[in-house]
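Following: one structure in structure tokens, then a few remarks.
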Amino acid sequence: MRLIIGLMFLFFTVAKGEIKVVTTYPYIASITKEIVKEKGKVESLAEGIFDPHFVVPKPSLTIKLRDADLLVINGAGLEVGWLPPLLNQANNLKINPSSVGFLDLSNLVNLIDKPENTSRAYGDIHPEGNPHFHLNPNNIPILADAITQKLCRLDQYNCQYYKNNYSSFKERWDSKIKEWDVRMSPLRGKKFIQYHKLFDYFLLRYGLKSVGTLELLPGIPPNAKHVDSLIDLVRNEKVDRVLQDVYHPQKPANFISEKTGVRITILPHDVGAVPEAKDIYSLFDEIVKRFTQ
Ligand SMILES: [Zn+2]
């Protein structure tokens with residue numbers, strides 16, 4: 001009986017011709033495309049220019065989920081404000097959180113910035129820890145490997161193909177990491193302020209210091225008193241730059257820059273956040289380029 005079910009399963013996926021993967025964010029879609037290549041269709045729900053915490057759950061996103069075979073999410077609470085209603089409306093049993101067609105990438109990495117006393121009730125939107133772990137380049141092959149294993153489970157016929165693609169990806173990625181490490185090494189020890197703790201994993205990976213955020217807490221915008229304290233911080237700590245993302249207002253960073261002369265660097269946090277960040281490789285290429293300019 002198990003063999004028959006197995007054969008039916010195999011027939012189902014092969015007969016269908018292509019696996020349909022939906023991801024919550026473009027960076028996950030880009031990694032998945034490196035593994036799936038022409039054997040399936042990969043789509044992201046959010047766009048890179050969006051605030052990843054507050055994606056608008058439009059009906060067009062529900063349609064994407066309706067016939068997906070696999071849903072890959074970032075997790076660690078990043079989608080908690082917008083994905084559940086979409087999953088309810090899509091009513092696709094294959095991609096429910098308890099189903100085989102669901103993958104939460106946050107289970108594969110160690111989260112940093114876990115708050116000790118705060119909770120969502122006090123306004124912190126990251127009570128589980130910092131969910132922006134994809135900006136540590138060392139985490140990318142871990143995520144790609146988990147996606148490969150999941151694809152193998154759902155589409156056994158093409159498993160070796162996916163594994164070969166993963167090997168090629170890993171090889172190319174490892175050589176890119178060597179390149180980025182060389183380019184980033186002169187910045188070691190420099191201090192930065194960012195709007196939101198988007199780049200903590202990247203900063204930690206390259207020995208750079210995050211000394212403050214424009215937000216009071218993750219999700220809580222700055223007030224005048226806080227901005228004044230950051231102006232003092234920039235002067236006292238000799239902060240190298242303010243890191244600005246593409247979706248928060250730039251006015252507070254501009255004000256701090258006008259008062260202190262500190263430079264502002266706009267960084268992409270995801271594929272598509274700036275035109276140069278076309279895929280997972282060029283996302284990191286562009287971040288490194290903007291840090292080193
Ligand atoms: Zn966040």
Side-chain angles (χ1 to χ4, degrees), residues 23-31 44-57 72-84 86 104-140 142-143 192-206 208-223 226 230 241-250 252-253 264-274 277 280 283-284 286-287 290-291:
T23 73
T24 46
Y25 299 105
Y27 87 87
I28 309 173
S30 180
I31 298 169
S44 168
L45 295 174
E47 291 178 30
I49 50 166
F50 292 175
D51 179 340
H53 314 81
F54 302 106
V55 177
V56 179
V72 189
I73 76 162
N74 183 93
L78 192 54
E79 296 96 342
V80 79
W82 61 273
L83 185 62
L86 290 175
D104 178 342
L105 297 177
S106 68
N107 293 329
L108 303 155
V109 295
N110 292 320
L111 298 181
I112 60 171
D113 302 337
K114 283 190 180 172
E116 283 168 23
N117 300 314
T118 52
S119 76
R120 193 172 279 269
Y122 296 100
D124 185 343
I125 55 167
H126 294 326
E128 295 170 46
N130 189 319
H132 308 293
F133 51 78
H134 71 287
L135 293 173
N136 177 349
N138 289 45
N139 281 341
I140 300 298
I142 296 168
L143 310 182
F192 298 87
I193 285 177
Q194 48 188 330
Y195 193 102
H196 175 75
K197 290 187 164 193
L198 268 174
F199 300 97
D200 274 17
Y201 288 86
F202 186 90
L203 296 171
L204 196 63
R205 169 65 176 74
Y206 287 105
L208 317 179
K209 290 180 182 150
S210 174
V211 295
T213 57
L214 282 154
E215 291 179 325
L216 287 163
L217 269 177
I220 309 292
N223 56 30
H226 183 58
L230 290 173
R241 282 184 233 187
V242 179
L243 307 175
Q244 175 73 36
D245 55 69
V246 299
Y247 61 86
H248 278 118
Q250 204 179 314
I264 301 168
T265 296
I266 298 169
L267 291 178
H269 65 286
D270 202 337
V271 171
V274 298
I280 193 70
L283 170 64
F284 281 85
E286 193 58 27
I287 293 172
R290 291 181 184 218
F291 262 107

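Start at 1 and go down the list; that is how both ligands and their atoms are numbered. The basis for the numbers below is simple: all heavy atoms, side chains too, and nothing from hydrogens, waters or symmetry mates.
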Only one of His53, His248, Gln244 forms a side chain to side chain donor-acceptor pair (under 3.5 Å) with His196, so which one is it? His53
Do the side chains of Pro268 and Leu283 get nearer than 4.5 Å, heavy atoms only? yes
With sequence neighbours excluded, what pairs up with Arg205 under the salt bridge (Lys or Arg N to Asp or Glu O under 4.0 Å) test? Asp181
For the residue pair Phe133 and Asn139, what are the closest heavy atoms and their distance? O-ND2, 3.0 Å
Ignoring waters, protein N/O/S atoms under 2.8 Å from the Zn ion (ligand 1) are His53 NE2, His126 NE2, His132 NE2, His196 NE2
His269 ring center within less than 6.0 Å of Tyr27 ring center: no
Let me see the working for Phe291 and Phe202 under ring-ring contact (aromatic ring centres under 6.0 Å, His included), right down to the final yes or no. CA-CA 11 Å; Phe291 262 107; Phe202 186 90; 5.2 Å; yes
